[in-house]
Amino acid sequence: MTKTVKDYIRTIVDFPHEGILFRDVTTLFADPRGFRMAIDQLLTPYTGLRIDRVAGLEARGFILGGAVAHQLSTGFVPIRKKGKLPGAVISQAYQLEYGEAVVEVHDDALQPGEKVLLVDDLLATGGTAEAGIKLIEALGAEVIGCAFVVDLPDLGGRKKLEAMGMEVHALCAFEGL
């Protein structure tokens, strides 16, 4: 039987707190076949499109985004948590389940008109991805797609991003939280 990307992802019950089913992609990253499959499948919808940069959301989006950028022979742009980048930055706040967080990107990381693929491991409520999109657009670049390994459709992130006019590509979905 042929394995799918979903088969490489383990579920950890009650992490980070009770009632959560945590979808752990580190088991996918650790397996050479699974990791290669995920990178290849993340790229598939964008074959033949102009992509100037790949932007990855902290932290697992760095692993995936770096590999995708390598395959595309293009640059990688990290979108980091507040206070982690050393140069001049622009910031974007977003809502968490309990409170607010901020992500940042260097203010010279992208040029107006550049085409950007946004990559992360998991799409839940879409708050982090939405903040990343706003940062990319604030620099005058265009998000040509949002690629994720896992979609948690019950949390509404895909709908949020699609309502922003974004193309969303996810390799698998898990029901529930």
Side-chain angles (χ1 to χ4, degrees), residues 5-6 8-10 15-16 22-31 34-46 49 51-86 89-97 101-106 109-110 114-139 141-153 155-158 160-162 164 166-174:
V5 166
K6 192 172 186 176
Y8 291 97
I9 299 168
R10 71 178 162 189
F15 182 84
F22 186 83
R23 308 309 177 169
D24 181 18
V25 295
T26 63
T27 48
L28 170 69
F29 295 168
D31 186 283
F35 190 51
R36 164 71 67 185
M37 181 190 307
I39 298 307
D40 289 348
Q41 290 179 12
L42 285 171
L43 284 166
T44 298
Y46 309 104
L49 296 180
I51 299 174
D52 299 305
R53 299 275 182 274
V54 174
L57 298 168
E58 189 164 333
R60 291 172 297 275
F62 295 174
I63 296 164
L64 294 161
V68 168
H70 172 75
Q71 287 298 103
L72 293 171
S73 297
T74 191
F76 174 77
V77 174
I79 297 176
R80 302 223 48 195
K81 294 175 181 169
K82 184 177 181 166
K84 299 289 186 181
L85 291 171
V89 298
I90 61 169
S91 303
Q92 179 65 51
Y94 64 100
Q95 294 302 309
L96 294 171
E97 188 177 353
V102 176
V103 288
E104 298 176 328
V105 68
H106 280 129
L110 298 165
E114 285 187 318
K115 308 287 187 191
V116 180
L117 176 62
L118 183 68
V119 177
D120 202 3
D121 67 319
L122 185 132
L123 176 59
T125 64
T128 311
E130 178 184 23
I133 291 162
K134 288 178 178 178
L135 287 173
I136 292 164
E137 291 177 343
L139 293 176
E142 176 189 349
V143 178
I144 59 99
C146 301
F148 304 91
V149 173
V150 176
D151 181 16
L152 301 178
L155 297 180
R158 175 185 285 270
K160 177 185 284 188
L161 298 184
E162 288 174 345
M164 295 174 68
M166 295 293 127
E167 293 285 328
V168 177
H169 172 55
L171 305 186
C172 64
F174 287 93

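Counting from 1, the numbers follow the sequence of the chain as shown. Below, all heavy atoms of this structure are taken into account, side chains as well, without hydrogens, waters or symmetry copies.
The closest donor-acceptor contact from the side chain of Arg158 to the backbone of Val168 lies under 3.5 Å. Between the Lys82 side chain and the Glu104 main chain, no donor and acceptor come within less than 3.5 Å of each other. A distance-only check finds no donor-acceptor pair linking the side chain of Thr74 to the backbone of Ala69 [under 3.5 Å]. Between the side chain of His169 and the backbone N or O of Gln41 there is at least one donor-acceptor pair closer than 3.5 Å. The main-chain N or O of Leu155 is never found under 3.5 Å from a side-chain atom of Thr125 such that the two would form a donor-acceptor pair. Not a single donor-acceptor pair under 3.5 Å links the side chain of Glu58 to the backbone N or O of Pro78. The backbone N or O of Val149 lies less than 3.5 Å from no partner atom in the side chain of Asp121, so there is not a single donor-acceptor pair.
Between Ile144 and Ile51 the shortest side-chain heavy-atom distance falls below 4.5 Å. Residues Asp120 and Leu64 fail the side-chain proximity criterion, which asks for heavy atoms closer than 4.5 Å. Contact annotation: the side chain of Ile133 approaches that of Leu161 to within less than 4.5 Å [non-hydrogen atoms, C-beta and beyond]. Residues Phe76 and His70 are not in side-chain contact: their nearest non-hydrogen atoms beyond the backbone lie 4.5 Å or more apart. The side-chain heavy atoms of Phe29 and Arg60, taken from C-beta on, include a pair separated by under 4.5 Å. Considering only heavy atoms from C-beta on, Val105 comes within 4.5 Å of Ile90 through its side chain. The shortest distance between side-chain heavy atoms of Phe35 and Tyr8 does not fall below 4.5 Å.
Taken from CG in Leu123 to CG in Asp151, the straight-line distance is 5.0 Å, to the nearest 0.5 Å. Atom CD1 in Ile9 sits 10.0 Å away from atom OG1 in Thr26 (nearest 0.5 Å). Of the inter-residue distances, the one linking Phe174 atom CZ with Lys6 atom NZ reads 5.0 Å to the nearest 0.5 angstrom. To the nearest 0.5 angstrom, Arg53 atom CZ is 4.5 Å from Glu114 atom CD. To the nearest 0.5 Å, atoms OG1 (Thr128) and CG (Leu57) are separated by 6.5 Å. Here Ile136 contributes atom CD1 and Cys146 contributes atom SG; the two are 7.5 Å apart, rounded to the nearest 0.5 Å.
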(request) Would you sort out whether Lys115 and Glu142 count as a salt bridge (charged side-chain N to carboxylate O under 4.0 Å, His left out), showing the intermediate values? (result) CA-CA 5 Å; Lys115 308 287 187 191; Glu142 176 189 349; 2.4 Å; yes

(message) Could you go through Ile79 and Leu118, starting from their C-alpha distance and side-chain angles, then the distance that decides it, and tell me whether this counts as side chain to side chain contact (heavy atoms under 4.5 Å, CB included)?
(response) CA-CA 10 Å; Ile79 297 176; Leu118 183 68; 4.1 Å; yes

(request) Go through the steps to decide whether Val77 and Val116 satisfy the test side chain to side chain contact (heavy atoms under 4.5 Å, CB included), and finish with yes or no. (result) CA-CA 9 Å; Val77 174; Val116 180; over 6 Å; no

(request) Evaluate the criterion side chain to side chain contact (heavy atoms under 4.5 Å, CB included) for residue pair Val25 and Leu122; output intermediate values, then yes/no. (result) CA-CA 9 Å; Val25 295; Leu122 185 132; over 6 Å; no

(message) Evaluate Arg36 against Gln71 for side chain to side chain contact (heavy atoms under 4.5 Å, CB included), listing each step before the verdict.
(response) CA-CA 11 Å; Arg36 164 71 67 185; Gln71 287 298 103; 3.6 Å; yes

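Residue Ser91 comes nearest to Leu135 through the heavy atom pair C-CD2, 3.7 Å, listed as atom of the first residue, atom of the second, then distance. A pairwise comparison of heavy atoms in Phe15 and Phe22 identifies O-CB, 3.3 Å as the closest pair. Nearest heavy atom pair, residue Val119 against residue Gly65, reads CG1-N, 3.9 Å. Closest heavy-atom contact between Thr44 and Asp40: OG1-O, 2.9 Å. Residues Ala38 and Leu28 come closest through the heavy atom pair CB-CD2, 3.9 Å. Pairing each heavy atom of Tyr94 with each of Ala131, the nearest pair is CD2-CB, 3.7 Å.
Atom CD of Glu162 is surrounded by more than 12 heavy atoms from other residues, nucleotides or ligands within 6.0 Å.
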